[in-house]
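None of the values given here were measured: they were computed from a predicted structure. Throughout, a chain's letter reflects where its sequence line sits, starting with A, and its residues are numbered from 1.
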Number of protein chains: 2
Amino acid sequence: MSTSTNQIIKSLKKSGYKITPQRKLILDVLNNSDHHLSPANIYNKVREKYPEIGLVTVYRTLEILDKAGYICRLTLPSGLAAYLLKRCPSGQHHHHLVCQCCGKVVNFNNCNLAELEKEITDETGFVISSHTIELNGKCPACQ
Amino acid sequence: MSTSTNQIIKSLKKSGYKITPQRKLILDVLNNSDHHLSPANIYNKVREKYPEIGLVTVYRTLEILDKAGYICRLTLPSGLAAYLLKRCPSGQHHHHLVCQCCGKVVNFNNCNLAELEKEITDETGFVISSHTIELNGKCPACQ
DNA sequence: TAATAATTGAAAATCGTTTTCAATTATTAT
DNA sequence: ATAATAATTGAAAACGATTTTCAATTATTA
C-alpha cells in the first residue's frame, strides 16, 4: 500500500470511517492508475485480489471519497461517471486533459479564465461561480 | 410556427425526413426556450398541445436534430442530457454560460483557448482535438 | 473479549434511455 | 385524388448504470 493510499486511509479513519480491506483496495486501484476509471473498471480490478467484493461497495466508497475531496468525479460526454485520485495539493484549482483513446488524464492548472469571466459578467449580468474545462485529445502513446 | 422552426423543418425535409406534427412541436418547444431542456421537459411541454405523443418520439427526434447539427446536447454534471436549439451561425465555435438555478443558457464564443492548448501540447505531447468549457453561475433574474 | 455501530453483499428497485414490433401516417408516383 | 411505399409512431419490454433495502458480517471501542 503506497504512501498516498496510507495517508488517505488515516484521514478517513480520523473522520470516523472504518478501514476495511475493500476500501484499501479501491484506493490502491485509484492510486495505481493515471487513467480515469469507471466504477465497473475499479470493481474488476479489485476483484482480482478480492473476488468477494460487491459493485455496491465500490459505488459507496467512491461516494465517500468524492465527498471527502480525495477523488475527482468526471462526467464523460456519454454521461457516465469516471473517477480519478486527486494528485494536486489539497483543493488546488485544476482541470483535466483527457486522452479520448485510452482515458489517460493529465492535470493542468493555468486556465486563466478570470479575464474572460469578467468580460462575460459585464456583458450578461451573470455572476459566475465556477467553470469546467475539458481538453480532449490523444496522448503521445495513442497517436 | 416561427421562422427558425420553419427553416429547420425545410432542411429536414430536404434530407429525406418526413414532417410530422410531433417533430414540428418539439422544434417549437426548443425554439421557444432559452433554457436547456431535458427530454422529459420537452415531452411534457409538447403534451400540452399533443397529448398522444410518446416520450420515445422525443428521444428519437432529439437524436435526429443533434446529428443534423440543429441542437446542442449538454451533459449536465449529474450525467443527464439536456438540449438547446443552436442559435449561432452554422457550426460556429461557441460555449455555454448556464444558470445553475433556472437553467437559462447564454452563448459566448471568445474562449481564446488556443494559446493554452499550444502550451499544453508542448508540455505534454498530447494532441488536442477539442475542448469544452462550461461557465456556471446565476443569471440576473435568479440572483 | 464483548458490545456497538458501521459496513458489507445479494437482491430488488429505480431512473433515464433504447429496442422491438405492429399499427399508423407522410410522401410518392400514378 | 388515390394507391403504394417506406418512414414514423407509441406501447411495452429490455436495458445499463446506479441506488435502496435488509439481514449478516466485521472493525472498532470500551
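Screening residues 134-143 of chain A for side-chain hydrogen bond (donor to acceptor under 3.5 Å, both in side chains) gives A:N136-B:S130 as the qualifying pairs, with residues at least two apart or on separate chains. Counting only residues at least two apart or in different chains, side-chain hydrogen bond (donor to acceptor under 3.5 Å, both in side chains) contacts with residues 101-116 of chain A comprise A:N110-B:E119.
Note that the two end axes of the helix from C:dT1-D:dA30 to C:dT30-D:dA1 enclose an angle of 30°, each drawn from 5 base pairs, rounded to 10 degrees.
The span of DNA chain D lying next to chain A, judged by atoms under 4.0 Å from heavy atoms, is bounded 5' to 3' by D:dA17 to D:dT28.
Partners of B:K49 by side-chain hydrogen bond (donor to acceptor under 3.5 Å, both in side chains), not counting sequence neighbours: none found. For B:H36, there are no side-chain hydrogen bond (donor to acceptor under 3.5 Å, both in side chains) partners, not counting sequence neighbours. Taking the side-chain contact (heavy atoms from CB on, under 4.5 Å) definition, one finds that B:N31 meets it with B:S2, B:S4, B:T5, B:L85, B:R87, sequence neighbours left out. For A:Q7, there are no side-chain hydrogen bond (donor to acceptor under 3.5 Å, both in side chains) partners at least two apart in sequence or on another chain. For A:K14, there are no side-chain hydrogen bond (donor to acceptor under 3.5 Å, both in side chains) partners at least two apart in sequence or on another chain.
Residue B:A40 is out of contact with every strand shown, counting any heavy-atom pair closer than 4.0 Å.
Proximity of residues 58-65 of chain A to DNA chain D (heavy atom under 4.0 angstrom from any strand atom) is restricted to A:Y59, A:R60. A heavy atom lying under 4.0 Å from DNA chain C marks the following residues of residues 41-57 of chain A, by number: A:Y50, A:E52, A:I53, A:G54, A:V56, A:T57.
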Worksheet item: B:H94 and B:C72: side-chain contact (heavy atoms from CB on, under 4.5 Å), yes or no, with the steps?
Response: CA-CA 10 Å; B:H94 70 283; B:C72 291; 3.6 Å; yes
Worksheet item: After noting the C-alpha distance and the side-chain angles of B:F126 and B:T121, does the key distance pass the side-chain contact (heavy atoms from CB on, under 4.5 Å) rule?
Response: CA-CA 5 Å; B:F126 269 64; B:T121 294; 5.5 Å; no
Practice prompt. Test side-chain contact (heavy atoms from CB on, under 4.5 Å) on B:H131 and B:H95 and set out the steps.
Written response: CA-CA 10 Å; B:H131 63 246; B:H95 299 286; 3.0 Å; yes
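Electrostatic pairing of A:D28 and A:K24 does not count as a salt bridge here, judged by no charged N lying under 4.0 Å from a carboxylate O.
A:T75 contributes a side-chain N or O that, together with a main-chain N or O of B:P77, makes up a donor-acceptor pair within less than 3.5 Å. Although no hydrogens or angles enter the test, the distance criterion places no donor-acceptor pair under 3.5 Å between the side chain of B:S33 and the main chain of B:V29.
B:L80 places its CG atom 11 Å from the C1' atom of C:dT17, with the value rounded to the nearest Å.
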Check nucleotides 28-30 of chain C against the protein and report each pair of N or O atoms closer than 3.5 Å, with its distance, or say if there are none.
none

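In this structure the side chain of A:L30 reaches within 4.5 angstrom of the side chain of A:L62, judged on heavy atoms.
More than 12 heavy-atom neighbours from other residues, nucleotides or ligands sit within 6.0 angstrom of NZ on A:K86.
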